[in-house]
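Residue numbers start from 1 in every chain, and the chains themselves are labelled A, B, ... in the order their sequence lines are given, proteins ahead of strands. Only this structure's heavy atoms are used, side chains among them; waters, hydrogens and symmetry mates stay out.
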2 protein chains.
Amino acid sequence: MDLAEALEKIMSGLGYGRTIIVVGRMHAHYAGRSTSWLAEGDRLLIIKSDKSILTHRPTGYESVNWQPPGVVINAQITEEGLVLECNRKSPPEILRIVITEVYSAEYYRLVDNGEFIIHAREEDMKAAIINSPDIVEPGLRIVETERRIGDEYIDILAVDSSGQIVIIEIKRKRATCRDVEQIVNYATQVEKELGRKPRKILAAPSLSKEAASLNTVLRVEYKCFSPRLAYEILSKKKGLDRFL
Amino acid sequence: MDLAEALEKIMSGLGYGRTIIVVGRMHAHYAGRSTSWLAEGDRLLIIKSDKSILTHRPTGYESVNWQPPGVVINAQITEEGLVLECNRKSPPEILRIVITEVYSAEYYRLVDNGEFIIHAREEDMKAAIINSPDIVEPGLRIVETERRIGDEYIDILAVDSSGQIVIIEIKRKRATCRDVEQIVNYATQVEKELGRKPRKILAAPSLSKEAASLNTVLRVEYKCFSPRLAYEILSKKKGLDRFL
DNA sequence: AAATCGATATCGTAG
DNA sequence: CTACGATGTCGATTT
């Protein structure tokens, strides 16, 4: 396809607020928060209806150059080729893409109001424990969630069957030493504020070796709890299994 | 375009190792590290030559569903529509995309060996200071980089014109209280190990208000230093300005 | 394989 | 606007 023809497609697509797809040979330069140069190669260029722009190389799932929605796009043909200049004010950034060959250029009117539902985030794990505290320990009662301690928040504050305060820190991935230190800091603050030493429970799908030994030293308890288990609990409770 | 026709395109593209672009109406379900459901809408589906797969909605620069390179892709037509099942073994994940309508399906042979050069990362900022320590302070001499302190690393260890030890911590973004705490921890460790109180310099493009007052209290010095300045220094030193 | 750290991270939320 | 945590974070590097 001719560069002039492609430019016309791009201008029309931009004017109508369409999603534009260009396949071709191009190089790019970015300057802003960082600075990058990408030499020439065959790539896929997408300009979306919200004026976000991205280019994909033929391998790897991530885009290589991009600008988020709301940039000002200027397109013109120079001696270099079809030049797209994408400017953003805050933060000041510029992405300059030079297309030297076009294999295909087309735009589409895409309508997408599909709801996106995601489960088994840390938030969902918390919801599962609040729904079914017994999975952490029989007899556990939830007292408070998101309690502010200093300038941080404790995931869950509870009381065990013997009346002792329990701090629960949830992690959706393998817990690290950093996570152990975090819950110990919370415990120190809670003891200061409430005058009683709380139990500390780290709920995570697994525990790193170093974190495990640190746990022993610092008297932090570990409860194996995975995002998947949380999802299953929530599914049973709320009938979310229709998504499986 | 017919679903059967689109399936043929996809199968051919997969067989030839091409980059496939499908524009159409689809919905998707993901299960693996998390679980998600995306209701029907018009989207762009890309299967790359390395068999990474991604879908884009018509807004926002990020992909909504994806699988990294090396998944096993199974495509077939069922009563639901054109179904793509993308399986990964480690971690166990499955992405199931159901295409109900196809507006366009094409594949391309894309060759992209273009070199990608990126500057002004934290690493480049460190290189700039090592090259030109004077930009931090006249008379500064670099002693060591990446010195291990406990289980962490100090960006730069130096000595000032009066012979005092200087710890430099580099941040490419606005420095926060957390960063101030980090350099103070390093200083404590250095004092323990070397028996001398070091100066502490935080080199970053800006400083949050809270971090500024924390700096005063904890005697941490602040040196304004941006990725862009680092880039300019390195450009002059190494002739990298050909990229601008 | 596990852990750590940086990223043009992005994104949401609370203050 | 700023700060901070979560992310299917991803990706590279080191142990």
What are the atom names and distances for every N/O pair under 3.5 Å that joins the protein to nucleotides 12-15 of chain D?
none

Tabulated below should be each protein N or O lying under 3.5 Å from an N or O of nucleotides 10-12 of chain C; please produce it.
unit_1: C:dT10; atom_1: OP1; unit_2: A:R33; atom_2: NH1; d: 3.2
unit_1: C:dT10; atom_1: OP1; unit_2: A:R33; atom_2: NH2; d: 3.1
unit_1: C:dT10; atom_1: OP2; unit_2: A:R33; atom_2: NH1; d: 2.8
unit_1: C:dT10; atom_1: O3'; unit_2: B:E62; atom_2: OE1; d: 3.2
unit_1: C:dC11; atom_1: OP1; unit_2: B:E62; atom_2: OE1; d: 3.4

Under 3.5 Å, is there a donor-acceptor pair linking the side chains of [X] and [Y]?
{"X": "B:E169", "Y": "B:Y186", "result": "no"}
{"X": "B:T100", "Y": "B:E40", "result": "yes"}
{"X": "B:Y30", "Y": "B:E93", "result": "yes"}

Exercise. Which parts of residues 210-218 of chain B get close to DNA chain D, meaning a heavy atom less than 4.0 angstrom away?
Worked result: B:E210

Exercise. Between A:H27 and A:W37, is the gap from one ring center to the other below 6.0 Å?
Worked result: yes

Exercise. Just checking A:K171: base, sugar-phosphate only, or nothing, at a heavy-atom cut-off of under 4.0 Å?
Worked result: sugar-phosphate

Exercise. For residues 55-64 of chain B, which residue pairs qualify under salt bridge (Lys or Arg N to Asp or Glu O under 4.0 Å), counting only residues two or more places apart or in two chains?
Worked result: A:D112-B:R57

Seminar exercise, completed: So salt bridge (Lys or Arg N to Asp or Glu O under 4.0 Å) across residues 212-224 of chain A, not counting sequence neighbours, yields A:R199-A:E221

Problem set entry | Below 4.0 Å: OP1/OP2 of C:dT8 and any side-chain N or O of B:R121 | no

For this session: Give a yes/no on whether any side-chain N or O of A:S208 is located under 4.0 angstrom from OP1 or OP2 of C:dA3.
Result: yes

Problem set entry | Name of the residue among A:I20, A:L54, A:I99, A:I21 meeting side-chain contact (heavy atoms from CB on, under 4.5 Å) with A:L45 | A:I99

Exercise. Which atom pair, heavy atoms only, marks the closest approach of A:L95 to A:I53?
Worked result: CD2-CG2, 4.3 Å

Taking only distance into account, with no hydrogens and no angle test, what donor-acceptor pairs under 3.5 Å do side-chain atoms of residues 201-218 of chain A form with protein atoms, sequence neighbours excluded?
unit_1: A:S206; atom_1: OG; unit_2: A:R174; atom_2: NE; d: 3.3
unit_1: A:S208; atom_1: OG; unit_2: A:A211; atom_2: N; d: 3.1
unit_1: A:S213; atom_1: OG; unit_2: A:K209; atom_2: O; d: 3.3
unit_1: A:S213; atom_1: OG; unit_2: A:E210; atom_2: O; d: 3.0
unit_1: A:T216; atom_1: OG1; unit_2: A:A212; atom_2: O; d: 3.1

